[in-house]
A.B. asks: 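Shown below is the structure under consideration.
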Amino acid sequence: INGNRNDSMSIKLDGISNMDSGVNMCCSTWINMDTIAEVNVVTSTSGAAVGHSGGAAVTVTTKGGTKEFHGSAYVFIRNESLNARGWNANSTPANAAIRKSTYRYNTDGFTLGGPVFIPKHWNVDKNKLFFFASEEHQNTKSGGGNRNLTVPTALERTGDFSQSISNNNASFVVYDPTNGGQYYGGSPLPGNKLPANLLNKDGQKFLNMMPLPNNIQSDRTYNYTYALTPTHQPELLGTYKFDYNVNDRWRSFVRYTRDYYTQDTPAGNGSFEFLGTQRKIRKGMGAAINIATTISPTFTNEYTMGISQNLIPVLPIVNNPYTRSALGLSFTSLYPNGVLADQGPNVTFGGNYISNTPTFGASYAAPNFADNTNFNFTDNLAKVFSNHTLTGGFSIERDRKDQSNGNPGGSLSFSTNSNNPFDTGYTYANALVGNFNTYSQLDQQRTGKYRFTNGEWYVSDTWKATRKLTIDGGIRFYLMQPI
């Protein structure tokens with residue numbers, strides 16, 4: 001908004017911060033559109049009552065019940081069968097054979113609100129207690145389509161590169177890693193073949209995990225294709241609210257929201273689905289309690305307190321085939337005790353003569369989590385004196401952010417590198433001789449626990465100087481403690 005970054009704005013839900021304080025962006029809890037009664041956006045020249053961030057201030061107010069019952073229900077369906085094919089779909093027989101990517105966004109939900117009463121006994125006039133409830137179920141499947149990769153041929157897995165063709169559709173030379181490699185004066189390997197005594201068992205295991213080519217292209221940009229299963233994400237958004245008019249001077253509401261989804265990502269442990277599906281869960285919730293009172297006809301007070309939280313645990317790969325024990329790897333990690341769930345290392349390939357290289361492992365294949373919990377307390381006073389309206393208040397926010405780092409199983413890269421004196425000149429040859437470009441590993445998985453408190457307070461005056469002139473003035477103070 002106004003050219004500012006996403007992390008410079010503030011978003012509040014019923015007066016409670018709805019930001020993920022770890023990245024300072026929306027949202028701690030998502031709500032569906034039919035829950036919203038009002039959205040207020042202040043983009044610039046904000047009054048002293050608006051704070052928390054230097055960018056736009058967005059305030060969302062949820063709906064409440066009324067004296068009459070009202071409700072709605074809806075179903076929306078988006079499906080790839082309703083989409084047109086691309087403009088070049090029939091340009092070649094190969095393109096005509098490609099199916100549409102899965103594109104399914106199915107949404108259903110309801111809203112219901114009204115009075116809470118006992119006929120002839122309590123709240124007969126239906127003006128005391130009201131309820132509002134809304135739920136939305138989103139069932140998403142997207143992605144899929146064909147995944148195109150370049151995998152090693154049967155000959156390359158044995159160290160024979162005499163028949164290998166580059167992505168420039170030409171043959172290439174593999175160099176001897178023992179006397180300087182490609183970049184430090186090494187000699188080409190006789191027959192473009194690696195001798196058996198140079199082959200590394202771990203490198204062979206990585207290459208032999210890959211399937212054999214099944215779709216060799218004339219330009220050699222890839223040689224293997226498979227249909228990727230779409231990512232599946234069912235999600236539930238729920239909002240539940242009670243409004244209570246205590247008497248003519250006091251009123252209050254209680255609101256609870258929840259946001260829950262599971263996300264299953266096939267090929268979540270590398271480029272191939274057989275490496276395992278990654279499951280991520282999001283559990284978001286928010287609650288607010290509001291009490292407002294009219295102290296006198298010219299004096300009001302409103303107090304709000306609440307909590308917002310989102311938990312995002314990433315579970316270990318189910319029936320994970322890509323483990324160190326299953327691979328039978330012989331090399332020792334820098335930090336063997338740091339490896340979690342026996343997860344195999346992240347492995348990447350790339351460099352000269354090749355494109356669309358596969359990967360093994362994932363940064364978050366091992367179990368990890370993020371937890372963001374925020375507590376909010378705000379109070380606002382307003383007093384009218386003749387042609388002056390004085391306002392003042394405070395806001396206290398206590399944030400807790402717990403998050404673990406990535407997978408400490410280690411990362412290996414067999415990409416070509418002109419600074420590597422043992423580089424053979426081709427990524428799969430590097431893997432076969434165990435010549436890695438880079439290797440890194442965390443000594444252990446650590447969890448950062450960040451705690452900080454922000455305090456703000458303000459005073460302001462709206463002075464109606466004349467019928468045609470109104471002057472606003474105020475000041476806001478911030479107390480921001482270090483983490």
Side-chain angles (χ1 to χ4, degrees), residues 147 149 151-152 157 199-212 224 226 228-229 231-233 261-283 311-350 357-371 402-415 427-428 430-449:
R147 173 164 286 183
L149 301 167
V151 297
R157 297 164 197 243
L199 299 183
N200 178 277
K201 292 183 178 180
D202 290 339
Q204 287 180 300
K205 289 173 182 176
F206 289 134
L207 266 58
N208 287 329
M209 284 193 68
M210 305 185 208
L212 290 167
Y224 177 77
Y226 78 93
L228 183 64
T229 302
T231 297
H232 184 209
Q233 181 176 313
Y261 75 67
T262 59
Q263 183 185 78
D264 290 331
T265 304
N269 199 16
S271 296
F272 304 99
E273 287 192 6
F274 64 79
L275 295 174
T277 297
Q278 184 181 84
R279 167 162 285 192
K280 181 169 69 173
I281 297 175
R282 173 187 164 90
K283 300 177 181 179
L311 305 173
I312 309 179
V314 178
L315 305 181
I317 301 295
V318 179
N319 299 322
N320 187 6
Y322 187 66
T323 61
R324 291 185 60 89
S325 56
L327 292 168
L329 298 178
S330 59
F331 83 90
T332 302
S333 300
L334 284 176
Y335 305 102
N337 295 330
V339 178
L340 295 179
D342 197 28
Q343 171 69 14
N346 299 347
V347 179
T348 58
F349 306 90
T357 53
T359 63
F360 294 134
S363 296
Y364 291 98
N368 64 87
F369 76 100
D371 173 6
D402 298 347
Q403 185 161 351
S404 56
N405 54 13
N407 174 29
S411 298
L412 278 166
S413 170
F414 293 107
S415 298
T427 185
Y428 288 146
N430 282 343
L432 282 177
V433 298
N435 176 29
F436 57 86
N437 176 33
T438 60
Y439 173 76
S440 61
Q441 185 189 2
L442 301 174
D443 60 343
Q444 61 179 293
Q445 186 181 70
R446 288 181 166 84
T447 299
K449 295 186 177 182

A.B. asks: Side-chain contact test, heavy atoms from C-beta onward, threshold under 4.5 Å: evaluate it for L212 versus V151 and give yes or no.
C.D. replies: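 The answer is no; the side chains never approach within 4.5 Å.
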A.B. asks: Listed by chain and number, what are the ring-ring contact (aromatic ring centres under 6.0 Å, His included) partners of Y322, not counting sequence neighbours?
C.D. replies: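 Partners of Y322 by the ring-ring contact (aromatic ring centres under 6.0 Å, His included) criterion, ordered by chain and then number, come out as F360.
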A.B. asks: Apply side chain to side chain contact (heavy atoms under 4.5 Å, CB included) to T348 and L412, showing your working.
C.D. replies: CA-CA 6 Å; T348 58; L412 278 166; over 6 Å; no
A.B. asks: Looking only at non-hydrogen atoms, find the nearest pair between P345 and L329 and report the distance.
C.D. replies: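 Where P345 meets L329 most closely, the heavy atoms are CD-CD1, 3.8 Å.
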A.B. asks: Quick one: pull up CD in Q403 and CG in N368 and give me the separation to the nearest 0.5 Å.
C.D. replies: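 Result: 8.0 Å between the selected atoms.
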A.B. asks: If you round to the nearest 0.5 Å, how far is CZ of F369 from CD of Q445?
C.D. replies: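 These two atoms lie 8.5 Å from each other.
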A.B. asks: So which heavy atom on R147 is nearest to which on G270, and how close?
C.D. replies: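 So the minimum-distance heavy-atom pair works out to NH1-O, 4.0 Å.
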A.B. asks: Atom CZ in F349, atom OG1 in T427: separation rounded to 0.5 Å?
C.D. replies: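 One finds 6.0 Å between CZ of F349 and OG1 of T427.
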A.B. asks: Side-chain contact test, heavy atoms from C-beta onward, threshold under 4.5 Å: evaluate it for L327 versus F206 and give yes or no.
C.D. replies: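 The answer is yes, as the side chains (C-beta and beyond) meet within the 4.5 Å cut-off.
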A.B. asks: Please list, chain by chain and in numerical order, all residues satisfying side-chain hydrogen bond (donor to acceptor under 3.5 Å, both in side chains) with S330, sequence neighbours excluded.
C.D. replies: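 Here the qualifying residues are D202.
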A.B. asks: Please check if the side chain of R157 supplies one atom and the backbone of M210 the other of a donor-acceptor pair under 3.5 Å.
C.D. replies: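 The answer is yes, because a donor-acceptor pair under 3.5 Å joins these two groups.
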A.B. asks: Answer with yes or no whether the side chains of N437 and S415 bring together a donor and an acceptor at under 3.5 Å.
C.D. replies: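 Their side chains do not contain a donor-acceptor pair, so the 3.5 Å distance test is not met.
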A.B. asks: For the atom pair CD (Q444) and OG (S404), what is the distance rounded to the nearest 0.5 Å?
C.D. replies: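 It is 12.0 Å, given to the nearest 0.5 Å.
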A.B. asks: For K283, does the NZ atom have more than 12 heavy-atom neighbours from other residues, nucleotides or ligands under 6.0 Å away?
C.D. replies: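 No, the 6.0 Å shell around NZ holds no more than 12 heavy atoms from other groups.
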A.B. asks: Excluding sequence neighbours, so at least two apart, what forms side-chain hydrogen bond (donor to acceptor under 3.5 Å, both in side chains) with R324?
C.D. replies: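 Partners of R324 by the side-chain hydrogen bond (donor to acceptor under 3.5 Å, both in side chains) criterion, ordered by chain and then number, come out as S333.
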A.B. asks: For T323 and N320, work out which heavy atoms get closest and say how close.
C.D. replies: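 So the two residues come closest at CG2-O, 3.6 Å.
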A.B. asks: Kindly give the heavy-atom pair with the smallest separation between G409 and V339, and that separation in Å.
C.D. replies: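 Closest pair (atom of G409, atom of V339, distance): CA-CG2, 4.2 Å.
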A.B. asks: Which residues pass the side-chain hydrogen bond (donor to acceptor under 3.5 Å, both in side chains) test with N435, sequence neighbours left out?
C.D. replies: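 If we apply the side-chain hydrogen bond (donor to acceptor under 3.5 Å, both in side chains) test to N435, skipping adjacent residues, the hits are N420, N430.
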A.B. asks: Please report the closest heavy-atom contact between G268 and I317, naming both atoms and the distance.
C.D. replies: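 That closest heavy-atom pairing would be O-CD1, 4.3 Å.
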A.B. asks: Can you list, pair by pair, the side-chain donor-acceptor contacts under 3.5 Å of residues 271-279, counting residues two or more places apart and other chains?
C.D. replies:
| residue | atom | partner | partner atom | Å |
| --- | --- | --- | --- | --- |
| S271 | OG | T359 | N | 2.8 |
| S271 | OG | T359 | OG1 | 3.2 |
| E273 | OE1 | T229 | OG1 | 3.1 |
| E273 | OE2 | T229 | N | 2.4 |
| E273 | OE2 | T229 | OG1 | 3.0 |
| Q278 | NE2 | Y364 | O | 3.0 |
| R279 | NE | D264 | OD1 | 2.6 |
| R279 | NH2 | D264 | OD1 | 3.3 |
| R279 | NH2 | D264 | OD2 | 2.7 |

A.B. asks: Quick one: does Y261's side chain get under 4.5 Å of K280's, heavy atoms only?
C.D. replies: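 Side chain of Y261 against side chain of K280, heavy atoms only: contact under 4.5 Å found.
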A.B. asks: So, using salt bridge (charged side-chain N to carboxylate O under 4.0 Å, His left out) as the criterion, who are the partners of D443 when residues are at least two apart?
C.D. replies: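 Salt bridge (charged side-chain N to carboxylate O under 4.0 Å, His left out) list for D443, sorted by chain: R446.
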A.B. asks: Could you measure the distance from the OH atom of Y439 to the CG atom of N346? Nearest 0.5 Å is fine.
C.D. replies: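 These two atoms lie 10.5 Å from each other.
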A.B. asks: Between L432 and Q204, is there a side-chain heavy-atom distance shorter than 4.5 Å?
C.D. replies: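 With C-beta onward as the side chain, the pair touches.
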A.B. asks: Taking side chain as C-beta onward, heavy atoms only, is S411 less than 4.5 Å from T438?
C.D. replies: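 No, their side chains stay 4.5 Å or more apart.
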A.B. asks: With rounding to the nearest 0.5 angstrom, report the CG to CZ distance, L207 to F414.
C.D. replies: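 Answer for the CG-CZ pair, L207 versus F414, is 8.5 Å.
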